Amino acid sequence: MRKLVAGNWKMNGTGTSLAELEALKNSLAQSACDILVCPPATLIARAHWAIKGAFPLGGQDCSSKTSGAFTGDISAAMLKDAGAASVILGHSERRQYHGETDAQVAEKAKAAWAAGLTTIICVGESDGERQANKQNSICHGQITGSVPKGATAANTAIAYEPVWAIGTGKTPTNDEIVQMHAHLRSCLTESLGEGAKGMRILYGGSVNPSNAEQILNLAEVDGALVGGASLKAADFLKIIAAVRPH
Ligand code: PGA
């Protein structure tokens, strides 16, 4: 399985930021991993033209509805039309600031697949939940509730993003990452059976050029979802280069 390094720009970037994508395009030698960049929705179409298919682009959220009176929402078909191939769903910032539930994330995933997008479905425990040693049950519940039947390695990747590691510079130890990824693998097999085979499980939360090598080369880690360090091509390229060919 090729690893996937995905960048999540969150609510960062205007037209001038397209230069970072062009720099990325020009420096992508034969990388040992797959790459995806998820800029804000307003930039997807321009990014699509700018990079001329050099790597796939994704959205950061989509509606579970196909069209209609949903002011401010963006459908999966709209993302696809703009040039996206994928969409991040159930990010902790969506869950936290927009009250998204597991059931809503699952509906969004079905809408994304129906529009021809692949999905990255995010799960992860909060600081308090980790302190209380509840991370396994929390993530089990999120996998069961947010990853619908029909998820396969071809249409879905999972991102394990402990909330306390996002944007904080803190990361779990390698052992904690390995344990959680193994746990998520067994949750996926329990709920999806054969469908879970080969599904990528990415790690996300404060991945940067200094820690990428040790995290990305763990056998249980099938890639990374990178926030802050994906905004500058130079940093993101270092993370991509940290993936060892195998
Ligand atoms: P971070 O964000 O790399 O800035 O911690 C990761 C994410 O939220 O996807």
Side-chain angles (χ1 to χ4, degrees), residues 3-13 17 20-21 24 33-41 43-44 55-62 79 84 86-100 105 108-109 112 117-127 129-130 135 138-139 142-143 146-147 156-174 176-177 180-181 184 200-216 218 221-243:
K3 301 203 182 201
L4 169 67
V5 175
N8 171 13
W9 280 17
K10 309 193 179 186
M11 198 173 75
N12 296 292
S17 322
E20 296 298 328
L21 294 182
L24 198 56
C33 59
D34 290 342
I35 291 146
L36 171 74
V37 177
C38 304
L43 284 182
I44 293 173
F55 49 86
L57 297 164
Q60 301 172 10
D61 176 46
C62 71
L79 291 177
S86 191
V87 63
I88 299 169
L89 295 174
H91 189 281
S92 66
E93 288 149 17
R94 300 295 313 171
R95 294 176 185 266
Q96 196 179 338
Y97 306 135
H98 297 268
E100 287 189 14
V105 175
K108 289 178 177 209
L117 297 177
T118 62
T119 53
I120 297 180
I121 301 178
C122 305
V123 300
E125 81 285 356
S126 68
D127 192 26
E129 289 159 349
R130 164 92 34 190
Q135 65 275 9
I138 292 294
C139 292
Q142 289 176 338
I143 293 283
S146 338
V147 184
T156 299
I158 303 301
Y160 169 54
E161 298 206 305
V163 180
W164 52 272
I166 295 176
T168 58
K170 290 188 216 158
T171 53
T173 63
N174 284 357
E176 286 168 339
I177 295 175
M180 179 55 82
H181 281 227
L184 292 174
R200 284 159 161 163
I201 304 178
L202 317 180
Y203 168 77
S206 294
V207 175
N208 61 44
S210 318
N211 61 22
E213 158 116 50
Q214 56 148 41
I215 295 174
L216 272 162
L218 295 170
V221 172
D222 306 313
L225 182 55
V226 185
S230 70
L231 294 170
K232 291 274 168 253
D235 288 341
F236 198 51
L237 282 162
K238 284 184 198 143
I239 295 171
I240 291 164
V243 179

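This one's a predicted model, so the numbers in the text were calculated from it and none came from an experiment. We count ligands from 1, going down the list as the structure has it; atoms in each ligand are counted the same way. All residue numbers refer to positions in the sequence shown, counting from 1.
- Distance check, rounded to the nearest 0.5 Å: OH of Y203 to CG of L225 gives 10.5 Å.
- Counting heavy atoms closer than 4.0 Å to ligand 1, residue I166 contributes atoms from both its backbone and its side chain.
- Among protein heavy atoms, the minimum distance from atom 3 (O) of ligand 1 is reached at G227 N, 2.8 Å.
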Intermediate values then yes/no, side-chain contact (heavy atoms from CB on, under 4.5 Å), L89 and D61
CA-CA 5 Å; L89 295 174; D61 176 46; 4.1 Å; yes
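- When all heavy atoms of G58 and L36 are compared, the pair lying nearest together is N-CD1, 3.8 Å.
- When hydrogens are left out, the protein atom nearest atom 9 (O) of ligand 1 is E161 OE2, 2.7 Å; that is the closest non-hydrogen contact.
- Considering backbone and side-chain N/O of V226, none are found under 3.5 Å from N/O of ligand 1.
- In this structure, L24 CG and S230 OG are separated by 9.5 Å, a value rounded to the nearest 0.5 Å.
- Inter-residue side-chain proximity for N12 and S17 is flagged as unmet; no heavy-atom pair is nearer than 4.5 Å.
- Looking at R95 and Q142, their side chains come closer than 4.5 Å, going by heavy atoms from C-beta outward.
- Annotation: T168 places no N or O atom under 3.5 Å from an N or O atom of ligand 1; distance criterion only.
- Proximity to L225 (heavy-atom distance under 4.0 Å) selects the following atoms of ligand 1: 9 (O).
- A229 does not count as a contact of ligand 1, since none of its heavy atoms falls under 4.0 Å from the ligand.
- Near N8, with a cut-off below 4.0 Å to any heavy atom, the atoms of ligand 1 are 9 (O).
- Closest protein heavy atom to atom 4 (O) of ligand 1: G228 N, 2.8 Å.
- Using a non-hydrogen distance threshold of 4.0 Å, G205 registers as a contact of ligand 1.
- Side-chain contact annotation: Q60 with H91, donor-acceptor N/O pair under 3.5 Å absent.
- Scanning the protein for heavy atoms near atom 2 (O) of ligand 1, the closest one is K10 NZ, 3.3 Å.
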Checking I240 against F55 for the side-chain contact (heavy atoms from CB on, under 4.5 Å) test, could you report, in this order, the C-alpha distance in whole Å, the side-chain angles of both residues, the deciding distance, and whether it holds?
CA-CA 13 Å; I240 291 164; F55 49 86; over 6 Å; no
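- Proximity to H91 (heavy-atom distance under 4.0 Å) selects the following atoms of ligand 1: 7 (C), 8 (O), 9 (O).
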